[in-house]
S.K.: 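Mind looking over this structure? Questions follow.
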Amino acid sequence: MTCRQRGCLAVFLGIAMTSCAHLAHEQPTAGVLVTEAREDSSHRFILFIGLKGQHAPPFLGIPQTNFYCLRSFVDRRTGETAHQLYVTDSYFGAERDWNAARDSAGISLPFVAIGHDEISCDAGCSYVEEFAANLPENMLQASPDGLAVTFLSRSGDEMTIVVPHDRITAQFAAIDARRASAQPAALGAQPVAAERSAAH
């Protein structure tokens, strides 16, 4: 199986879009089930990656496929935090071309197209897509029963992912713990953007 790397630059509120598959794992501390990424090369941002969940069985039994996770990006200087629901989808058949997202009330959420690759067309085509929905913090905090996000594609497919409340709670707990242990940083610097690493 071959994968055509296309390389991709995505900017999320001036924060690096780094894939879950390329993050450094830390052991859970005090029951906080969150994977913490290393700082980006500018040492400006800290990335928090939530526990992965499967939205479909692993593609051809391959680990690290067909999963979702919460991702949070924290600006060390300003304390600004941005969140998103990240998804990777591998499948056979016609291209789905995921292109939109909405919440459980049908309100549109900002959609982020991250990667779109053809895996192989030797015996029927297969594809892998990476995408995300930007999530307002107040929406996450106001989701006691979990957060449902529906993704839509140009092919007419829909995928609804429900992020359990305990994963949302763990995400905020990890961020709060890091903030509490961090030294105050200088404020007022302008946001910067960095390239995301392709995840394949």
Side-chain angles (χ1 to χ4, degrees), residues 1 3-6 8 10-13 17-23 33-35 47-73 82-121 124-171 196-200:
M1 185 185 311
C3 185
R4 301 174 190 172
Q5 304 289 343
R6 294 179 185 166
C8 154
V11 178
F12 178 59
L13 297 179
M17 300 277 288
T18 303
S19 168
C20 298
H22 282 226
L23 297 172
L33 301 177
V34 171
T35 300
L47 284 66
F48 294 87
I49 308 303
L51 188 67
K52 296 175 184 175
Q54 295 292 147
H55 65 78
F59 185 66
L60 298 176
I62 301 171
Q64 307 298 324
T65 58
N66 289 341
F67 69 87
Y68 68 89
C69 61
L70 286 176
R71 310 201 304 184
S72 299
F73 305 80
H83 309 278
Q84 66 177 201
L85 176 60
Y86 168 90
V87 181
T88 177
D89 186 33
S90 300
Y91 55 89
F92 286 108
E95 288 187 77
R96 294 173 181 169
D97 198 8
W98 298 101
N99 69 338
R102 67 188 182 208
D103 66 13
S104 58
I107 299 173
S108 294
L109 296 169
F111 179 86
V112 182
I114 299 173
H116 190 155
D117 292 300
E118 179 185 292
I119 298 172
S120 174
C121 268
C125 291
S126 55
Y127 303 91
V128 56
E129 297 187 48
E130 294 176 83
F131 49 93
N134 293 348
L135 306 174
E137 186 159 311
N138 60 354
M139 174 189 294
L140 282 170
Q141 293 175 331
S143 303
D145 299 321
L147 176 67
V149 175
T150 298
F151 292 95
L152 304 97
S153 72
R154 288 190 173 88
S155 65
D157 291 280
E158 292 190 9
M159 175 196 305
T160 298
I161 292 176
V162 179
V163 182
H165 178 66
D166 58 352
R167 297 191 186 195
I168 298 172
T169 300
Q171 195 82 353
R196 88 174 254 288
S197 300
H200 300 292

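Remember, predicted model here, so these are calculated numbers, not experimental data. In this chain, numbering begins with 1 at the start of the sequence shown.
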S.K.: Could you check, using the six-membered ring where one of them is a Trp, whether F151 and W98 have ring centers closer than 6.0 angstrom?
M.R.: no
S.K.: Do any N or O atoms from the side chain of Q64 and from the backbone of P58 form a donor-acceptor pair under 3.5 angstrom?
M.R.: no
S.K.: Verify, without hydrogens or angle tests, whether D117 (side chain) and V128 (backbone) share a donor-acceptor contact under 3.5 angstrom.
M.R.: no
S.K.: If you round to the nearest 0.5 Å, how far is CD of E158 from OG1 of T150?
M.R.: 6.5 Å
S.K.: Could you walk me through whether Y86 and I49 pass the side-chain contact (heavy atoms from CB on, under 4.5 Å) test, one step at a time?
M.R.: CA-CA 9 Å; Y86 168 90; I49 308 303; over 6 Å; no
S.K.: Of the non-hydrogen atoms in M139 and L109, which two are nearest, and what is the gap between them?
M.R.: CE-CD2, 3.4 Å
S.K.: Can you confirm whether F92 sits close enough to L60 that some side-chain heavy atom of one is under 4.5 Å from a side-chain heavy atom of the other?
M.R.: yes
S.K.: Calculate, to the nearest 0.5 Å, the distance between atoms CD and CZ belonging to E95 and R154 respectively.
M.R.: 11.0 Å
S.K.: Do H55 side-chain atoms and T88 backbone N/O form a donor-acceptor pair below 3.5 Å?
M.R.: yes
S.K.: Among K52, R167, M159, which residue satisfies the side chain to side chain contact (heavy atoms under 4.5 Å, CB included) criterion with Y68?
M.R.: R167
S.K.: Could you tell me which non-hydrogen atom of L147 sits nearest to which non-hydrogen atom of S143, and how far apart they are?
M.R.: CD1-OG, 3.7 Å
S.K.: Could you tell me the separation between the SG atom of C125 and the CD1 atom of I119, rounded to the nearest 0.5 Å?
M.R.: 10.5 Å
S.K.: Run the side-chain contact (heavy atoms from CB on, under 4.5 Å) check on E129 and Y91 step by step: do they pass?
M.R.: CA-CA 9 Å; E129 297 187 48; Y91 55 89; 2.5 Å; yes
S.K.: Using side-chain heavy atoms (C-beta onward) and a distance below 4.5 Å, is L152 in contact with F111?
M.R.: no
S.K.: Any chance you could measure L140, atom CG, to T169, atom OG1, to the nearest 0.5 Å?
M.R.: 10.0 Å
S.K.: Side chains of Q171 and H83: any donor to acceptor distance under 3.5 Å?
M.R.: no
S.K.: Provide the closest heavy-atom pair for I62 versus T65 in the form atom of the first, atom of the second, distance.
M.R.: O-OG1, 2.6 Å
S.K.: Can you tell me if Q54 uses its side chain to pair, donor with acceptor, with the backbone of A56 under 3.5 Å?
M.R.: yes
S.K.: Might you point out which heavy atoms bring V149 and A101 nearest each other, and give the distance in Å?
M.R.: CG1-CB, 4.3 Å
S.K.: Can you tell if the side chain of L70 reaches within under 4.5 Å of the side chain of L135, non-hydrogen atoms only?
M.R.: yes
S.K.: Could you go through the side-chain contact (heavy atoms from CB on, under 4.5 Å) check for L47 and R71 one step at a time?
M.R.: CA-CA 7 Å; L47 284 66; R71 310 201 304 184; over 6 Å; no
S.K.: Do you know the tightest heavy-atom contact between C69 and L51?
M.R.: CB-O, 4.0 Å
S.K.: If I compare all heavy atoms of G93 with all of Y127, which pair ends up nearest, and what's the gap?
M.R.: O-CE1, 3.1 Å
